[in-house]
Amino acid sequence: MVSYVETTALRSPTTWYTANRLTTGLLLAALLVLPFVAPRYWIYFAGLLGINIIATHGLNIMMGYTGLLSLGHAAFIGVGAYTAALAQIHLGLPFWIAIPLAGVMAAVIGVGFGLPSLRIRGLYLVIATLAAQFILNFVFVHWQSVTNGDVGLTVQPATVFGFSLNNETRIYYLILFAVVFMTWFVVNVIRSRVGRALIAVRERDLTAQVLGVEIVKYKLIAFALGSFYAGVAGGLLAYFNRFVNPEQFGLLLSVFFLSAVIVGGMGSTLGAILGAVFMTLLPELLREGALQVGDTFGFDIALILVPLRETVFGLLMVSFLILEPRGLAQLWKRAKQKFERR
């Protein structure tokens, strides 16, 4: 019998590349027809999932590839959301300018808060980014002349050639395009010289500095790229919800994306996608399951199961991390290897 190693060696790079292109093409085709076959409720979750994937890519650049722990990611998403909203309300800019502008503004502020990373790392950096979360959230709430405080800002729907993207199905395609482009971009960045330098900083920054890697430069690049992705996600979220409010960008959202990176697999583009999918859809699936059990066995059981949904979700996450600390990306890799053996 031919071994797995021998079988893999016999596969030409052209065959491997063709198979991956075919898989990617089929996935994109399925995503394009999704609004025509899925309920509108799930189209909403598909749009939210796309935004979460972009934001998770950003945190994965900082944390997974560069080793810069952050608990302020939600605040940078908030910067992007408020920038897009204010650009539309006060400047009348279209979405195709407002969203990139949201990414640039978040990148500038992210670099400012990333300056402490030049001297500190680990838990000390976590505290610094946590300070960014609280400072920016304080600004969102109390700078009422700009952000309108707790009342928030209302955003008009994005328009394409006069066509209003005023529901989940219409804006879904804008989010899908953004996810595909931003994923392609991060893949190419990681394969480039910049990506190799970021990984070198993560593994051992002092050794990387001896080898000629400019630590200061690449740490700031990591913060800029990660915050840019967060800002773009925030801009899309503003148009998706058509409303921006400080409560949307609290500390729990930062923990959400931190968990997505860890569960998916740090330092993996596929892991960022799988982690975002897991964190976005599993709570909703647990909620639906609890409601179905309640409908089957009685209302009293539903009252017990629905509050337990968060507990079950937490237990699943802890169990998963114990069984496979390298994340869903590693599980996918193992499953793919077993399939290729067969």
Side-chain angles (χ1 to χ4, degrees), residues 1-31 46 49-50 52-69 176 179-204 222 225-226 229 256-282 285 313 315-342:
M1 180 179 293
V2 180
S3 68
Y4 169 70
V5 175
E6 293 169 337
T7 303
T8 305
L10 291 173
R11 297 177 63 192
S12 67
T14 303
T15 303
W16 178 87
Y17 181 69
T18 303
N20 277 272
R21 287 191 64 181
L22 179 61
T23 303
T24 303
L26 291 174
L27 177 60
L28 286 176
L31 292 174
L49 174 59
N52 288 344
I53 287 174
I54 294 174
T56 306
H57 277 319
L59 186 58
N60 194 37
I61 292 172
M62 297 166 59
M63 179 175 153
Y65 287 109
T66 319
L68 302 174
L69 301 178
L176 177 60
V179 171
V180 172
F181 177 78
M182 300 294 276
T183 301
W184 170 83
F185 184 79
V186 75
V187 167
N188 283 276
V189 167
I190 298 305
R191 289 177 177 174
S192 69
R193 182 175 180 271
V194 172
R196 292 192 294 272
L198 296 180
I199 294 172
V201 172
R202 178 193 67 190
E203 296 301 326
R204 190 172 291 274
L225 280 175
Y229 270 71
F256 172 92
F257 289 113
L258 181 70
S259 302
V261 172
I262 295 173
V263 168
M266 293 199 304
S268 167
T269 303
L270 176 62
I273 296 173
L274 295 177
V277 171
F278 180 90
M279 292 296 297
T280 304
L281 296 184
L282 184 60
L285 293 176
F313 176 65
L315 290 175
L316 284 174
M317 283 189 58
V318 172
S319 301
F320 178 82
L321 293 176
I322 292 174
L323 296 175
E324 184 46 80
R326 285 182 289 180
L328 288 168
Q330 182 65 22
L331 288 179
W332 174 266
K333 183 178 179 180
R334 289 181 182 176
K336 186 177 180 181
Q337 289 174 348
K338 289 181 180 179
F339 177 77
E340 289 177 344
R341 290 194 191 102
R342 295 179 182 178

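Residues S268 and N60 share a closest heavy-atom pair of O-ND2, 3.0 Å. The nearest pair of heavy atoms linking L225 to V189 is CD1-CG1, 4.0 Å. Between T66 and A222, the shortest heavy-atom contact is OG1-CB, 3.4 Å.
Atoms CD1 and CG, on I54 and L49 in that order, are 10.0 Å from each other to the nearest 0.5 Å. Between L270 atom CG and L328 atom CG the span is 9.0 Å, to the nearest 0.5 Å.
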Enumerate, atom names and distances included, each donor-acceptor pair closer than 3.5 Å involving a side-chain atom of residues 271-280, sequence neighbours excluded.
from: T280; atom 1: OG1; to: N52; atom 2: ND2; distance (Å): 2.9
from: T280; atom 1: OG1; to: A276; atom 2: O; distance (Å): 2.7

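For Y65, there are no ring-ring contact (aromatic ring centres under 6.0 Å, His included) partners at least two apart in sequence or on another chain. Judged as a side chain to side chain donor-acceptor pair (under 3.5 Å), and not counting sequence neighbours, the contacts of T183 are H57.
The main-chain N or O of R191 is found under 3.5 Å from a side-chain atom of R196 such that the two form a donor-acceptor pair. With T56 contributing its side chain and F257 its backbone, the two residues share no donor-acceptor pair below 3.5 Å.
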Checking I53 against M182 for the side-chain contact (heavy atoms from CB on, under 4.5 Å) test, could you report, in this order, the C-alpha distance in whole Å, the side-chain angles of both residues, the deciding distance, and whether it holds?
CA-CA 9 Å; I53 287 174; M182 300 294 276; over 6 Å; no
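In this pair, F185 and F181 present their aromatic rings parallel. The plane angle is below 30°, not in the 30 to 60° band.
Side-chain contact between W184 and N188 is present, with heavy atoms from C-beta onward closer than 4.5 Å.
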